[in-house]
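Heads up, the thing below is written out as structure tokens.
Numbering of ligands and ligand atoms starts at 1, following listing order.
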Amino acid sequence: MSRSLATTEPFSTTGAPTDQSMDLDLPSALDPIRLPAHVAVIMDGNGRWARQRGLPRVLGHREGVQSLKRTLRLCSDWGIGALTAYAFSTENWNRPGEEVSFLMTLFERVLAREIDGLDRERVRIRFLGDLHQLPPGLQELIAEATARTATNDGIHFNVCTNYGGRRELVQAARRLAEQVARGELDPAAIDEEAFAAGLHTAGESDPDLLIRTSGEFRISNFLLWQLAYAELHITDVLWPDFDEAALLAALLDYQGRRRRFGGVDPSR
Ligand code: IPE
Ligand code: IPE
Ligand code: MG
């Protein structure tokens, strides 16, 4: 039998997310009204975490899975609507072959092991990216997990796998151009909404908060369109060490920001 998402504790401790139970576990320092609806995370620093311990890089990836489970559980328990995690970029194929194969096998094993628990906890999982380049076994598991959890009403969990922001934009542009060439679409009808509908994230709100671990000040081709107005939180914590305190720090940082979206803040 598959293990549930959490091995030692229930995945969600809040039960049905009613208005009353939603913030039961929320740290008192956080304002439940001003939580980000959508958190995106660049899970970086697995290799450095391993190197610091004299371990092979891939053991950092294995540990990173525990961090992702922990983060998903916390986001779900704290009432955050969507978590989008960058697991493998279109540029990550440039890594040594053994590391790439390790990662693909890891994705497959983790998904096979966790899907029952995720479904039970009503998580809606999706994989965003150019999925047809992934190993066939992984593609099958992805299709199964996506279909099985499609109507779940819990947290939206998006795993960006073979994802590249530029590739996503080019593909969206190409599809629109094809529709125009077939005479099905008037170029004047292409607005921001129509364009966003052609992205992998169609239907999801844009991330309110982007977290990047391991102290790198760049977005590495992640969600180029969708991050237009995200608040950025960069922490030196390496991804395998990203824990409740680190997530809390990110959310507190977010709650201290004044989002203006190009306008003016009347209270300042
Ligand atoms: C992030 O950790 C995981 C992936 C990109 C798959 P890294 O593997 O990039 O770790 P560092 O940045 O080399 O420490
Ligand atoms: C970004 O991390 C990609 C993922 C976390 C999957 P990288 O480690 O690949 O990014 P760079 O190379 O430091 O920009
Ligand atoms: Mg890295």
Per-pair distances, ligand 1 N/O vs protein N/O, less than 3.5 Å:
unit_1, atom_1, unit_2, atom_2, d
ligand 1, 2 (O), G45, N, 3.4
ligand 1, 2 (O), N46, N, 3.2
ligand 1, 8 (O), R57, NH2, 2.8
ligand 1, 8 (O), R95, NH1, 2.7
ligand 1, 9 (O), D44, OD1, 2.9
ligand 1, 9 (O), R95, NH2, 2.8
ligand 1, 10 (O), G45, N, 3.4
ligand 1, 10 (O), N46, N, 3.1
ligand 1, 10 (O), G47, N, 2.9
ligand 1, 12 (O), D44, OD1, 2.8
ligand 1, 12 (O), R48, NH2, 2.7
ligand 1, 13 (O), R57, NH1, 2.9
ligand 1, 13 (O), R57, NH2, 3.2
ligand 1, 14 (O), G47, N, 3.3
ligand 1, 14 (O), R48, N, 2.8
ligand 1, 14 (O), R48, NE, 2.7

Handout entry: Residue and atom, protein N/O/S, under 2.8 Å of the Mg ion (ligand 3)
Key = D44 OD1
Electrostatic pair [X]-[Y], nearest N-O below 4.0 angstrom:
X: R73; Y: E244; result: no
X: R48; Y: E216; result: yes
X: R167; Y: D130; result: yes
X: R148; Y: D116; result: yes
X: R259; Y: D208; result: yes

Problem - Cation over ring face, R95 and W93, 6.0 Å, 45° - result: no
Is the shortest heavy-atom distance from the side chain of [X] to the side chain of [Y] under 4.5 Å?
X: R174; Y: V170; value: yes
X: Y163; Y: T90; value: no
X: V39; Y: T84; value: no

Practice task
Would you mind running through ligand 2 and noting each atom that sits below 4.0 Å from a heavy atom of R218?
Solution key: 11 (P), 13 (O), 14 (O)
Handout entry: Numbering as shown, the atoms of ligand 2 that approach R212 to under 4.0 Å (heavy-atom distance)
Key =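 Heavy-atom distances to R212 below 4.0 Å select 2 (O), 10 (O), 11 (P), 13 (O), 14 (O).
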Exercise for the section: Look up atom CD in E231 and atom CZ in R257, then write down how far apart they are to the nearest 0.5 Å. Expected result: 5.0 Å
